Chemist: 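The following block contains the structure, expressed as structure tokens.
One-based numbering, in listed order, for ligands and for the atoms of each. Residue numbers start at 1 and run along the sequence shown. The model shown is predicted, which means the values in this text are computed figures rather than measured ones.
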Amino acid sequence: MSSVKLRIAIQKSGRLYEDSLKLLKDCGIDLKNGINKLKTEAENFPMEIFFLRDDDIPQYVEDAVADIGIAGENVIYEKNKKVTVTEKLGFGKCRLSVAVGRNEQYNGPDFLRNKKIATTYPVLLAAFLEKEKIPAEIHEISGSVEIAPGIGLADAIVDLVSSGSTLFMNGLKEVETILHSEAVLIRHPGLNAERMRILDKLLFRIRSVRKARHTKYILLNAPNANLKEIISLLPGMKSPTVLPLAEPGWSSVHSVVNENEFWDIIEKLTEAGAQGILVVPIEKMIL
Ligand code: PRP
Ligand code: ZN
């Protein structure tokens, strides 16, 4: 038995923390208790977990201090480190935006001409200004960017917006989106074969969990006379399972439906005479 472990870096607190832990849990990876420490390991998977500031994660992965990491695309693109983006994770959705005082008359990027903009994202802001051909002063600060306009430190800010409550509470309004972002899994570009094998196992589990999150398992009873119509309403993975019921003339139909089309399908199924419809969550989905 080899004792190599895959070292993963995740955010130690903040927007991505809970969802990162939940993803590992849904993948069946249990962590040894010390949640508040900087480092722990999995009980049932060859993995070590480092808890770090999200902004530092690309650097640790580039330096191979961690093999893989979970971070926002915003941080990945800003830091521009040599890491490989392996998988989008579908959580931590947010945007990098320009915000100005609520009462400002914003009439497009030209508003920013020769103004002072505070941000922790100087690289992405510079690229935006370059693209718009607007000269402006970038004032890089390391945090609490949202208070800069209120204390006269800047005319505008560029910061992450998720719910928008931080901007709102600071009297700011969002006027321009520079980048849409979500959490991604990154890896060191030169992982050895043994670590790649563990990563592949993890990715297999992540994909199964993510597929299952958007699908439901549906069971229903159908009169045989309408079976054809009912089956045509169900996409299924291949085709639905149909089993005869004890009661003559009826069958039980099992299938998988997508969350997005779920209510639509249920209505049509009822109209087509389906009864006793049960919908259950799917935990994992292996295709
Ligand atoms: C971002 C940003 C705001 C907040 C916005 O911080 O700097 O503080 O999230 O979220 P809201 O629109 O829901 O109010 P981040 O999570 O990157 O934490 P950090 O600044 O500590 O790295
Ligand atoms: Zn951050």
Side-chain angles (χ1 to χ4, degrees), residues 8-24 35-39 49-63 65-66 68-81 83 85 87-104 106 112 115-129 136 138-186:
I8 185 171
I10 65 173
Q11 194 187 27
K12 68 167 186 270
S13 68
R15 284 175 318 109
L16 305 179
Y17 170 75
E18 298 279 343
D19 286 332
S20 302
L21 284 184
K22 176 149 193 313
L23 181 66
L24 294 182
I35 275 302
N36 287 321
K37 291 186 293 192
L38 290 174
K39 191 172 132 175
I49 301 92
F50 301 155
F51 298 97
L52 300 166
R53 276 199 54 207
D54 63 335
D55 309 58
D56 296 335
I57 289 176
Q59 182 72 64
Y60 281 107
V61 172
E62 178 181 287
D63 294 346
V65 173
I68 64 173
I70 296 178
E73 291 170 300
N74 51 299
V75 169
I76 314 287
Y77 297 139
E78 174 67 28
K79 302 295 176 185
N80 214 357
K81 300 292 176 198
V83 298
V85 176
E87 190 86 358
K88 291 205 178 208
L89 298 175
F91 62 82
K93 293 202 173 151
C94 60
R95 48 205 186 270
L96 186 68
S97 292
V98 181
V100 300
R102 190 179 292 144
N103 300 323
E104 299 279 8
Y106 185 86
L112 301 169
K115 296 250 166 73
K116 197 167 171 182
I117 311 167
T119 190
T120 53
Y121 295 87
V123 172
L124 292 172
L125 172 53
F128 171 75
L129 294 171
I138 298 175
H139 189 73
E140 184 180 354
I141 52 182
S142 61
S144 303
V145 173
E146 61 277 359
I147 65 168
I151 59 174
L153 192 67
D155 307 299
I157 66 164
V158 164
D159 200 13
L160 274 201
V161 183
S162 168
S163 65
S165 70
T166 304
L167 292 186
F168 181 80
M169 286 188 309
N170 288 280
L172 301 171
K173 64 177 176 188
E174 187 179 0
V175 292
E176 203 83 58
T177 300
I178 293 182
L179 175 86
H180 286 273
S181 169
E182 69 179 79
V184 291
L185 189 81
I186 54 172

Chemist: Would you mind running through ligand 1 and noting each atom that sits below 4.0 Å from a heavy atom of Gly164?
Modeler: 11 (P), 12 (O), 13 (O)
Chemist: Indicate every side-chain donor-acceptor pair of residues 140-159 with a distance under 3.5 Å to a residue at least two apart or in another chain.
Modeler:
unit_1	atom_1	unit_2	atom_2	d
Asp155	OD2	Lys116	N	2.8

Chemist: Under 4.0 Å from a heavy atom of Val161: which atoms of ligand 1 are those, numbered in the order shown and with their elements?
Modeler: 12 (O)
Chemist: What I want to know is whether Gln11 and ligand 1 share at least one N or O pair that is separated by under 3.5 angstrom.
Modeler: no
Chemist: Would you call Glu62 and Lys79 a salt bridge, using N to O less than 4.0 angstrom?
Modeler: no
Chemist: Looking only at the side chains, is there a donor atom on one of Gln59 and Asp63 sitting less than 3.5 Å from an acceptor on the other?
Modeler: yes
Chemist: Report the part of Thr120 in contact with ligand 1, treating N, CA, C, O as backbone and CB onward as side chain, heavy atoms under 4.0 Å; options are side chain, backbone, both, neither.
Modeler: neither
Chemist: Can you check which of Asn74, Thr166, Val145, Asn170 brings a heavy atom nearest to atom 14 (O) of ligand 1?
Modeler: Thr166
Chemist: For ligand 1, is there an atom lying under 4.0 Å from some heavy atom of Gly143?
Modeler: no
Chemist: Mind checking whether Ser163 has an N or O less than 3.5 Å away from an N or O of ligand 1?
Modeler: yes
Chemist: Are any of the N or O atoms of Arg15 closer than 3.5 Å to those of ligand 1?
Modeler: yes
Chemist: Check for a donor-acceptor pair, side chain of Lys173 on one end and backbone N or O of Glu104 on the other, with a separation under 3.5 Å.
Modeler: yes
Chemist: Counting C-beta onward and ignoring hydrogens, is there a side-chain heavy-atom pair between Phe91 and Ser20 closer than 4.5 Å?
Modeler: yes
Chemist: Of the side chain and backbone of Asp54, name the one, both, or neither that has a heavy atom under 4.0 Å from an atom of ligand 1.
Modeler: side chain
Chemist: Quick one: salt bridge (charged side-chain N to carboxylate O under 4.0 Å, His left out) partners of Lys93, sequence neighbours excluded?
Modeler: none
Chemist: If you measure from atom 7 (O) of ligand 1 to every heavy atom of Ile157, Asp56, Leu160, Asp159, which option wins on shortest distance?
Modeler: Asp159
Chemist: Nearest heavy-atom pair of Asn74 and Leu124: which atoms, and what distance?
Modeler: O-CD1, 3.6 Å
Chemist: For Ser181 and Glu73, indicate whether the former's side chain and the latter's backbone hold a donor-acceptor pair under 3.5 Å.
Modeler: yes
Chemist: Can you tell me if Ser165 contacts ligand 1 (heavy atom of the residue under 4.0 Å from the ligand)?
Modeler: yes
Chemist: Can you list the atoms of ligand 1 that are under 4.0 Å from a heavy atom of Asp55?
Modeler: 22 (O)
